[in-house]
Number of protein chains: 2
Amino acid sequence: MNLGLLCFIAYRAMEVEVMKAVAEAGFDDLTVAQGRLAARIGPEGTRLTELAEQAQVTKQTAGFLVDQLERAGYVTRTPDPADARARLVRMAPRGEAVVAVARQAEARVEAEWTRHLGKRGTAQLRAALTSLREITDPYA
Amino acid sequence: MNLGLLCFIAYRAMEVEVMKAVAEAGFDDLTVAQGRLAARIGPEGTRLTELAEQAQVTKQTAGFLVDQLERAGYVTRTPDPADARARLVRMAPRGEAVVAVARQAEARVEAEWTRHLGKRGTAQLRAALTSLREITDPYA
DNA sequence: TAATATTGGTAAGAGAGGCTGACTAAGTCA
DNA sequence: TGACTTAGTCAGCCTCTCTTACCAATATTA
């Protein structure tokens with residue numbers, strides 16, 4: 001079977017589990033697209049344009065998603081001291097809370113995968129995928 | 001880094017390459033969603049409901065996509081001899097042609113990955129992902 | 001230093017893709 | 001026969017993403 005499709009199956013399984021955990025923790029208004037963007041927010045805040053680039057969407061799309069995240073209280077926008085045009089998107093407390101839940105769910109799923117593949121097999125999988133980023137990820 | 005996200009990066013790289021090859025071959029009206037659905041059509045044709053299940057979308061969505069594929073000449077709908085309610089979605093010649101292009105692009109990308117990871121590494125990657133399907137793919 | 005180009009971001013509108021709910025027609029089974 | 005299930009359609013809605021067009025601030029350069 002096609003390697004790309006195999007990656008997709010694993011990826012989707014992870015995504016479904018994480019979103020389920022997040023929803024069960026009470027954050028039932030968060031969508032996948034919002035989560036994907038929010039996952040790129042750095043500890044000191046990140047500019048919209050940078051988020052758009054990394055998530056590989058247009059800045060309009062990124063702006064649309066950040067609007068929603070802001071309205072739902074997950075992030076805030078603060079002026080960027082380094083550039084008056086720009087604003088930094090930062091995690092709000094509610095955002096930090098959901099990140100914690102997501103990280104935990106990720107760890108749980110990875111542990112499950114490790115039980116299935118073995119420690120060695122999982123390490124190899126991670127190494128192979130990480131190495132692949134060098135030729136597949138423009139933002140590696 | 002999160003294993004799920006690593007899978008996503010590789011998957012998207014493959015998808016982008018395949019869609020680019022397909023578009024360059026003149027099939028520039030095919031979308032990703034249509035392709036994902038069409039990839040599930042079996043040699044003898046497949047029922048709409050079955051396609052929907054396997055692609056994990058509702059049958060309404062599947063019907064919508066098959067409408068488009070039919071209008072563009074990629075597939076045909078024929079009555080299912082086994083059940084007068086059902087119809088079989090089958091590949092049309094134009095559909096077969098695009099499948100051939102897609103398969104070729106997939107093979108090319110996999111070859112590139114193999115050059116990067118080595119034969120052994122690629123085989124391990126495939127083995128790990130295939131094994132993972134046992135716990136991540138409800139339609140394995 | 002003034003004109004020009006670039007960069008960060010917003011606004012408006014359109015289209016794709018997905019969903020739910022309600023429905024018809026055909027098959028299944030008690 | 002009547003109740004239930006299954007294959008598929010119809011209608012309406014929401015989310016995400018794009019393109020085109022624009023404004024404001026910064027950088028560059030003549």
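In the text below, chain A, chain B and the rest are named by the order of the sequence lines, each starting its count at 1.
- Between B:Arg47 atom CZ and D:dT9 atom C1' the separation is 16 Å, expressed in whole Å.
- The side chain of B:Phe64 approaches C:dG17 more closely than any other nucleotide in the set C:dA22, D:dA7, C:dG17.
- If you measure from atom CD of A:Gln56 to atom C1' of D:dC18, you get 15 Å, rounded to the nearest angstrom.
- Between the side chain of B:Arg94 and the main chain of B:Ala72, a donor-acceptor pair closer than 3.5 Å is present.
- With hydrogens and angles disregarded, a donor-acceptor distance shorter than 3.5 Å links the side chain of A:Thr114 to the backbone of A:Glu110.
- Contacts between residues 7-16 of chain A and DNA chain C, defined by a heavy-atom separation under 4.0 Å, are absent.
- With rounding to whole Å, B:Leu48 atom CG is found 13 Å from C:dG18 atom P.
- Remark: A:Arg77 is not in phosphate contact with C:dG8, judged by side-chain N or O atoms under 4.0 Å from OP1 or OP2.
- No more than 12 heavy atoms of other residues, nucleotides or ligands sit less than 6.0 Å from atom CD of B:Glu44.
- Checking the phosphate oxygens (OP1, OP2) of D:dT17, no side-chain nitrogen or oxygen of A:Thr58 falls inside 4.0 Å.
- Using modelled atom types, one side-chain atom of B:Arg40 and one backbone atom of B:Arg36 make a donor-acceptor pair closer than 3.5 Å.
- Although no hydrogens or angles enter the test, the distance criterion places a donor-acceptor pair under 3.5 Å between the side chain of B:Arg126 and the main chain of A:Met1.
- A heavy atom closer than 4.0 Å to some atom of DNA chain D occurs in A:Thr31, A:Ala33, these being the qualifying members of residues 19-33 of chain A.
- Between the P atom of D:dA11 and the CD atom of B:Gln60 lies a distance of 13 Å, rounded to the nearest Å.
- Side-chain proximity of A:Lys59 to C:dA12, C:dG9, D:dG8: nearest is C:dG9.
- With sequence neighbours excluded, the residues forming a side-chain contact (heavy atoms from CB on, under 4.5 Å) with B:Arg103 are B:Val99, B:Glu106, listed by chain and number.
- Put simply, CZ on A:Arg85 is 12 Å from C1' on D:dC23, counting in whole angstrom units.
- Straight-line distance from the CG atom of B:Leu37 to the P atom of C:dG17: 11 Å, rounded to whole Å.
- Side-chain atoms of B:Arg87 do not come within 3.5 Å of backbone N or O of B:Thr76 as any donor-acceptor pair.
- Using a 30° and 60° split on the angle between ring planes, B:Tyr11 and A:Tyr11 fall in the parallel class, below 30°.
- A 6.0 Å sphere centred on CD of B:Gln104 holds no more than 12 heavy atoms belonging to other residues, nucleotides or ligands.
- Rounding to whole angstrom units, CD of residue B:Gln68 and P of C:dG15 are separated by 13 Å.
- In this structure, CD of B:Glu50 is placed 14 Å from C1' of D:dG8, rounded to the nearest angstrom.
- Where B:Arg87 and A:Gln34 meet DNA chain D, the nucleotide closest to each residue was compared, and B:Arg87 sits on the side nearer the 5' end.
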